[in-house]
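Accompanying notes for the structure given below.
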4 protein chains.
Amino acid sequence: MNSFGRLFRISIFGESHGAGVGILLDGVKPGMHLTSEDFKADLIRRKSGGKGTTPRIEADEIIIESGVFNDLTTGAPVLLRFLNTNTKSKDYSNLVNHPRPSHSDYTAHEKYNGYNDYRGGGHFSARLTLGIVAAGVVAKKMLDGVQFETKLANLGGCTDTTKFNEILDKVIEAHDSVGGVVSLKAKNVPVGLGEPYFDSLESTISHLLFSIGGVKGVEFGIGFEGAKLNGSSFNDCIINESGTTKTNNNGGINGGISNGNDIDVRVFVKPTPSIGVAQDTFNFKNGRVEELIIEGRHDAAIILRAMVVLEACLAIALCDAALISNAYKK
Amino acid sequence: MNSFGRLFRISIFGESHGAGVGILLDGVKPGMHLTSEDFKADLIRRKSGGKGTTPRIEADEIIIESGVFNDLTTGAPVLLRFLNTNTKSKDYSNLVNHPRPSHSDYTAHEKYNGYNDYRGGGHFSARLTLGIVAAGVVAKKMLDGVQFETKLANLGGCTDTTKFNEILDKVIEAHDSVGGVVSLKAKNVPVGLGEPYFDSLESTISHLLFSIGGVKGVEFGIGFEGAKLNGSSFNDCIINESGTTKTNNNGGINGGISNGNDIDVRVFVKPTPSIGVAQDTFNFKNGRVEELIIEGRHDAAIILRAMVVLEACLAIALCDAALISNAYKK
Amino acid sequence: MNSFGRLFRISIFGESHGAGVGILLDGVKPGMHLTSEDFKADLIRRKSGGKGTTPRIEADEIIIESGVFNDLTTGAPVLLRFLNTNTKSKDYSNLVNHPRPSHSDYTAHEKYNGYNDYRGGGHFSARLTLGIVAAGVVAKKMLDGVQFETKLANLGGCTDTTKFNEILDKVIEAHDSVGGVVSLKAKNVPVGLGEPYFDSLESTISHLLFSIGGVKGVEFGIGFEGAKLNGSSFNDCIINESGTTKTNNNGGINGGISNGNDIDVRVFVKPTPSIGVAQDTFNFKNGRVEELIIEGRHDAAIILRAMVVLEACLAIALCDAALISNAYKK
Amino acid sequence: MNSFGRLFRISIFGESHGAGVGILLDGVKPGMHLTSEDFKADLIRRKSGGKGTTPRIEADEIIIESGVFNDLTTGAPVLLRFLNTNTKSKDYSNLVNHPRPSHSDYTAHEKYNGYNDYRGGGHFSARLTLGIVAAGVVAKKMLDGVQFETKLANLGGCTDTTKFNEILDKVIEAHDSVGGVVSLKAKNVPVGLGEPYFDSLESTISHLLFSIGGVKGVEFGIGFEGAKLNGSSFNDCIINESGTTKTNNNGGINGGISNGNDIDVRVFVKPTPSIGVAQDTFNFKNGRVEELIIEGRHDAAIILRAMVVLEACLAIALCDAALISNAYKK
């Protein structure tokens, strides 16, 4: 469903080519200073316009519609909206019969009996991540003291950051797209967040990360590479009374509970499915596999804009876990 | 918290050295034949005793305590219990001050203010997965027609299955442990399961998988390897009116919704943290890093027993998604 | 929290004197025709302007902001908004120190540490019920075939409807207010709705009804009067194979499950707390009990406008129960 | 469904004539002393054996199966079980075709397609309230400082307690049954509990109360009687800086939030539907209305045993609200 969280609850809405997109936040702490200024930095990080991103540029001005009075949160639900202003009124109806590969076109059509808004991906558009970023800003404010460090760790299979520019140039020239891996770290997370059994910190973080379109892998600490290590090499030795460990192969979480070391997550984002290259895919109207050419504006590397979105997911999960943990403190 | 699911709800309980462990199932379809026989095959797959597994052998006899009448489910909650019979009454209290590395000893102690049952990991013990396996059996019955195919894809970094025995021999001899990657597939999953935005099928599957101790990575389809591909190679071309795709790099899910192809998930399970090798870790009593020797019975490769547990997680997530999907059918 | 429901989920937001109010609906069936016309009749029933209602008149024009495409629901969340246009910019800050009796002024101030939006009751304003009415309209559409019959059964302690006008005249003249009892009936409800143990149909219906400001009593069937009957008189005799009963003292629900007879609920709505009569209440600024005169526009009988709101609550609860029930059908 | 609560979560299970009944508690504070002794007083209050109660006497010995270690709660789920020992092996199958009036026999049969355990009411039996009482005991321990005062306010329409014995004698002699009204009060409840909009304190309290079989009315403060008062008489004047009010017509709750005065709830419990008097009801086998004589052991006034159950419901709702409130404290 379109909500997540136990105390800090987020509910998302909107479509790419409808009136707008946004998010409704419940469980926001009262008395926090909150204005549109607070959102600017993160919204700019998500913005398109740079190399590898779509030229569809939206103002992305946030409207704080409820839950804030005299620039302070009231404890009531905070509705955050973004208007759609730069929607091209082109005809998307061909995608109904000739769905784009690796997209939600086909599955959404089947699930909603053909009633889904298919224009620009509708409710499945990456434009909905505006709301996630906004929710992340509020979560970070509530998580006072936690720092986030987000990096592009891998682009197109390459981990050498000095070569990223070159990789982008190549895929742009080929009208193709590229994916990669984002590294997320949260520092100064207190010991004790996470609610095993089922709401382990890995569970709630991955739940949110995997709700973002294009995310197809999540690993903590050393991740899949750790398959090569024996237990004696993998185990993180505790070295002091704060629980600091010599290594951080577990990514800051043991038994589903934060251990005070950096929360360390890596997220695989697949190459943008919308590409300028002609592709074969089934045409449901004539019952044949036919070439599809997707026109319009695309992100050659949506991962560049996804970085702040994934960071927001991490912040949201930690914020909810921190509130629950607080409920059991004296 | 200790529950998961929207309609098919599971609630877990128990401790390694308490009276027993088990699971409470809500939202079970009435009229299904269900006896202890149904659980045998999967419980045996989880059982210890083979190479690389602990010699602590429990009968693991399931008690169906409620929700079944005349061998048929009634629609009322199904309580499934397993008694602990083979708990060695040794002293675990040294682990309170000298926590095992990469274990929940330290985090659970901090979160629960020292009141957690530390004996054999308490509520964090792998013994709790008995309940998950049992819930998986019921989920599979409700998912009539879906087949599961679960394989050990990687042991200790090696993907050549013929060498697995050798790898096990080595780590057992070294009193060490080893992890790896489990490949899960669900076949014949109908198109349309999954509830984006936040309850994308990847989100709910990963949520459950990451609740299992030792799971540190989850990827769908080609997963992290896909970073090396451009969009034109990554995209899965639809080839017929059933939505079958030529490749399955997306792991059977688009836009968070099943697309009718195999659900394809890979799960990284870290090496068992309990090893027979001496390890350094902090002793909170004397404030020094000291050598710890963990006595008792361990699994050199807990991943061998985890396979059926992870399969159960996949089944549980699919079962809940199928019920929700059903609610919107005529 | 500000959400309710398991499959048909509603999330409310807004304030009396902020930008507006509204509701976000999740789990709406795709393919339903939905335009602003659908809401008109029920919104008019809630409207002020008649005898006993506040002269603050708002346009109450609904904005369908998402989840509808070509006048058909898409299956994505439906955001429904109402702008506030007729908010008088008077000073409400005296209510912070001198809270109105029987209002949320004091409790909201304490709960939210003084950060609540106190203007016109803020998030606690009856204006929020616009969203409830709108959600009710959608619920009724989804509950195709169920009819609702809502009546004012008691005004100011009087059950003779011919005398209601006279009672209103009297309280209006006295600048006082009056409450009463609303009778709600839902007809043609199928047998089998309700999810005991805890989501008995009485539980979810009352949960929603008691979330409406001013509701202080809920009874089913004969209700509290039934204390006078012995079991042999109270019991409803089943008279045919459809489960029709001779009497309906149980209000159409047995064991928390609808029995096919009319769902029959009665709701006590207290007299509007805002009155034009001077009242004593504590002044937190000077620490004295002092006379308070509430200026502004009031409803002498908010119950008149609450009727359609309470009907909406009943519809919302039934709609969610019907979806859950559907999930277990073949 | 069979669970309730946001942080303090209860999940109920069991049947009248199965292995037993019980409840699973999640979100229990670690470090609380808890032994079977803690439950004794409340379990005795629920026990049968006195005048007006069934002669089926069960030992009702509680088994604390998990979540407690060294007599202290651990923070892990607490499973509480009661075995069924005194189940008479009589034949209940006639109730399948000839359902008892005002019982769940017919609705449960329809909802669960005839697969429900009908013996002694199965999952709908009053025996399940054992779990509620046990959960209430734990809730009260967590609500340190709150006192509960529970009284029988009305029996068979009579409010003069000195005549209750006489009323009981009469219905017992007539093999009939009687209902009434229970008055519940919670004292020393802090200001600020309750989570409007939808989780108003009235909403969550009534949700739990209406989940108990036989409850058909809930009112707060003066309740339905308040329809006779004008606002000027109904309103509760605040008289000091603690928020104490001169009257308590609102039952200690304003805007869905506790105001520091006594939480005052009244609950109507219908006459026990099982009576020894012959009653007409439909026989689905032969399609005729026929006389039914219910044999076996009944409570002439189940309300006597329900009192502690309803008190437990109030405690559970308050406990969950207190935890949520705590999450937002510094």
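What you see is a predicted model; the values in this text were computed from it and never measured. First the proteins, then the strands, lettered A, B, ... as listed; each starts at 1.
Contacts of C/Ser200 with chain D are made by side-chain atoms alone, with heavy-atom separations under 4.5 Å and no backbone atom involved. Interface residue C/Val218: backbone and side-chain heavy atoms are both found under 4.5 Å from chain D. If you measure heavy-atom distances from D/Ser242 to chain C, the contacts under 4.5 Å come from the backbone alone.
Listed options C/Ser233, C/Gly243, C/Gly260 were ranked by heavy-atom pairs under 4.5 angstrom with chain D; first place goes to C/Gly243. Annotation: maximal heavy-atom pairing with chain C below 4.5 Å, among D/Thr281, D/Val289, D/Asn230, occurs at D/Asn230. With chain D as partner, the option from C/Gly213, C/Ser274, C/Gly192 having the largest number of non-hydrogen pairs under 4.5 angstrom is C/Gly192. Among the candidates D/Pro196, D/Ser11, D/Ser325, D/Ser258, the residue making the largest number of heavy-atom pairs closer than 4.5 Å to chain C is D/Pro196.
The residues D/Lys111 and C/Glu195 are annotated as salt-bridged, a charged nitrogen and a carboxylate oxygen being separated by less than 4.0 angstrom.
Looking at C/Asn254 and D/Tyr106, their side chains never come closer than 4.5 Å, going by heavy atoms from C-beta outward.
If you take CD1 on D/Ile10 and OH on C/Tyr197, they are separated by 9.0 Å, rounding to the nearest 0.5 Å.
D/Ser102 and C/Asn250 are linked by a side-chain donor-acceptor pair at a separation below 3.5 angstrom, with hydrogens and angles left out of the test.
Residue-environment remark: OH (D/Tyr115) stays at or below the threshold of 12 foreign heavy atoms within 6.0 Å.
Classified by interplanar angle (parallel below 30°, tilted 30° to 60°, perpendicular above 60°), the ring pair C/Phe234/D/Phe268 is tilted. The aromatic rings of D/His207 and C/His207 sit perpendicular, their planes meeting at an angle over 60°, well past the 30° parallel limit.
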